[in-house]
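Data block below; observations after.
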Amino acid sequence: MREQLESMKKEAEVEIRSASGPDALKELRVKYLGKKGKITSVLRGMKDLPPAERPVIGGLANEIRALLEAWIGDKEQELDQERLKTRLESEMIDVTLPGKPKPLGGVHPLNAVIERIEDIFVGMGFEVAEGPEVETDYYNFEALNLPKDHPARDMQDSFYITPEILLRTQTSPVQVRSMEARGGKVPVKVICPGKVYRRDDDDATHSHQFTQVEGLVVDRGIAMSELHGTLLSFAEQMFGRKLESRLRPSYFPFTEPSVEMDISCVQCGGKGCRMCKQTGWIEILGAGMVHPRVLERGGYDSERYTGFAFGMGPERIALLKYGIDDIRHFYTNDLRFLRQFQSL
């Protein structure tokens, strides 16, 4: 029986070492260590041994049982490590492969123009002020010298929510709010960028929603010459060249006197071309000296203080700066158009 146990040990060692997987190892455990396994069969035959040999054979059988359990445990660990290694190799990310490209966006041309306008005026000492897009009739019209029966209201066909609440038609209300917030203190130097809304027909040069940047300066002794110099400096920085400019009389209810500012054509330099309709001049903004009534509504004594205001459309500035021929390109989200400005 001793020889039988030793032979079984050698046979089991070979089979356990060469087991190919968990299922094969499970079968070997049953084959050698199970209730009907080979060691159990040997131990059942111990009743036929002389009493003196039984302890010796029993001890040897238990020793072999413990040895087989250890071999099976070691083999289980080995198979687990191989399985983990195979899994790690199959799931490993190859960092040497090129990644999937993700398209990068860019600054919208309108936003780029607005940011440039802000940079220029901030460099001249202005602050950026913002206000609500849903505005009251008082701030949008009445505080700007446009009472309810004023015919100039017809120039701005508006989106009303209630008789006293509307979508603002201009960023001028922010100027009044800025003056009120300062409580009569000077100087006031603000620019007011933002969206505005008018019930316009959409075409190549008009939109029911567009953007504006307006500016306001209030202090003692402000004159028209300072307005002209400020706006000319802005235009030359925006278009990156020396320009000629002129002021033409115009009308705005909230300024008096009021002017339109023209600059020499940025495309032909004033010689005459299709862009300037052969005139050599291009209108870029409206401006004027702040009307005394608007100063009073903002909390300033019009006998002591004067000021100037101006307003421009970033869409128009962008059309001129980049040679775009249709304002609708800014709003139709055509990537073929927008990709041209990714470097801005």
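All residue numbers refer to positions in the sequence shown, counting from 1.
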Walk me through whether K85 and E78 qualify under salt bridge (charged side-chain N to carboxylate O under 4.0 Å, His left out). CA-CA 11 Å; K85 181 181 178 181; E78 180 183 331; over 6 Å; no
Decide, yes or no, whether a salt bridge links K189 with E226 under the criterion of side-chain N to carboxylate O below 4.0 Å. no
For the residue pair T211 and P193, establish whether any side-chain heavy-atom pair is separated by less than 4.5 Å. no
Look at the aromatic rings of F330 and H108 and report parallel, tilted or perpendicular, splitting at 30° and 60°. tilted
Salt-bridge test for D219 and R304: reply yes if a basic N is under 4.0 Å from a carboxylate O, no otherwise. no
Identified side-chain contact (heavy atoms from CB on, under 4.5 Å) counterpart of F141 within the set S158, P147, P173: S158
Is R83 salt-bridged to E76, going by a charged N under 4.0 Å from an acidic O? no
May I have the step-by-step check of side-chain contact (heavy atoms from CB on, under 4.5 Å) for V218 and F308, ending in yes or no? CA-CA 7 Å; V218 178; F308 65 74; over 6 Å; no
Does any N or O in the side chain of T255 come within less than 3.5 Å of the main-chain N or O of M289, such that one atom is a donor and the other an acceptor? no
I'd like to know if the side chain of H208 pairs up with that of D202 as donor and acceptor (distance under 3.5 Å, no hydrogens or angles considered). yes
Between D200 and S207, is there a side-chain donor-acceptor contact under 3.5 Å, judged purely by atom types and distance? no
Can a donor-acceptor pair be found, under 3.5 Å and without considering hydrogens, that links the side chain of Y300 to the backbone of K185? yes
With K321, which of R316, R116, M238 fulfils side-chain contact (heavy atoms from CB on, under 4.5 Å)? M238
Checking side-chain contact (heavy atoms from CB on, under 4.5 Å) for the pair L166/I161: CA distance, chi angles, key distance, verdict? CA-CA 5 Å; L166 71 157; I161 299 171; 5.8 Å; no
I'd like to know if the side chain of R297 reaches the main chain of E142, judged simply by a donor and an acceptor atom lying under 3.5 Å from each other, with no hydrogens or angles considered. yes
Shared ILVMFWY cluster between V134 and V196, side chains joined below 4.5 angstrom? no
Below 4.0 angstrom, N of the basic side chain to O of the carboxylate: do E164 and K148 qualify? yes
So if you build clusters from Ile, Leu, Val, Met, Phe, Trp, Tyr with side-chain heavy-atom gaps below 4.5 Å, do F126 and L216 land together? no
Answer yes if the ring centres of H291 and F254 are under 6.0 angstrom apart, and no otherwise. no
Measure across C265 and I282 and return the closest heavy-atom pair with its distance rounded to 0.1 Å. SG-CD1, 3.7 Å
Intermediate values then yes/no, ring-ring contact (aromatic ring centres under 6.0 Å, His included), F121 and F310: CA-CA 12 Å; F121 281 106; F310 57 87; 5.1 Å; yes
Does the separation of the ring centres of F210 and Y197 fall below 6.0 angstrom? no
Counting heavy atoms not belonging to E13, are there more than 12 under 6.0 Å from its CD? yes
Determine, stepwise, if the pair E214 / Q175 fulfils side-chain hydrogen bond (donor to acceptor under 3.5 Å, both in side chains). CA-CA 8 Å; E214 299 198 14; Q175 298 181 16; 2.9 Å; yes
If we only count heavy atoms from C-beta on, is the L167 to E135 side-chain gap below 4.5 Å? no
Would you say L68 ends up clustered with V30 if hydrophobic residues are merged whenever their side chains have heavy atoms under 4.5 Å apart, either directly or through other cluster members? no
Quiz question: by atom type and distance under 3.5 Å, do the side chains of H206 and D203 form a donor-acceptor pair? yes
Do other residues, nucleotides or ligands put more than 12 heavy atoms under 6.0 Å from E11 CD? yes
Go through the steps for T169 and N140 under the test side-chain hydrogen bond (donor to acceptor under 3.5 Å, both in side chains), then give the verdict. CA-CA 7 Å; T169 61; N140 196 80; 3.0 Å; yes
Under a 4.5 Å side-chain heavy-atom rule over Ile, Leu, Val, Met, Phe, Trp and Tyr, are M179 and L144 clustered together? yes
Group every Ile, Leu, Val, Met, Phe, Trp and Tyr by side-chain heavy-atom contacts under 4.5 Å, then state whether Y139 and F159 land in the same group. no
Please examine the side chains of M261 and M312, heavy atoms only from C-beta on, and report whether any two atoms are closer than 4.5 Å. no
Q237 vs S233, test: side-chain hydrogen bond (donor to acceptor under 3.5 Å, both in side chains). Steps then yes/no. CA-CA 6 Å; Q237 292 183 67; S233 176; 3.2 Å; yes
Give the ring-plane orientation class for F341 versus Y322, where under 30° counts as parallel, over 60° as perpendicular and anything between as tilted. perpendicular
Heavy atoms of other groups near R153 CZ, more than 12 under 6.0 Å: yes
Does E260 use its side chain to pair, donor to acceptor, with the backbone of R248 at less than 3.5 Å? no
Flag the pair D301 / E296 as yes when at least one side-chain heavy-atom distance between them is below 4.5 Å, and no otherwise. yes
Note: E69-R29 ion pair, threshold 4.0 Å (strictly below): no
Could you tell me whether R199 atom CZ has more than 12 heavy atoms of other residues or ligands within 6.0 Å of it? no
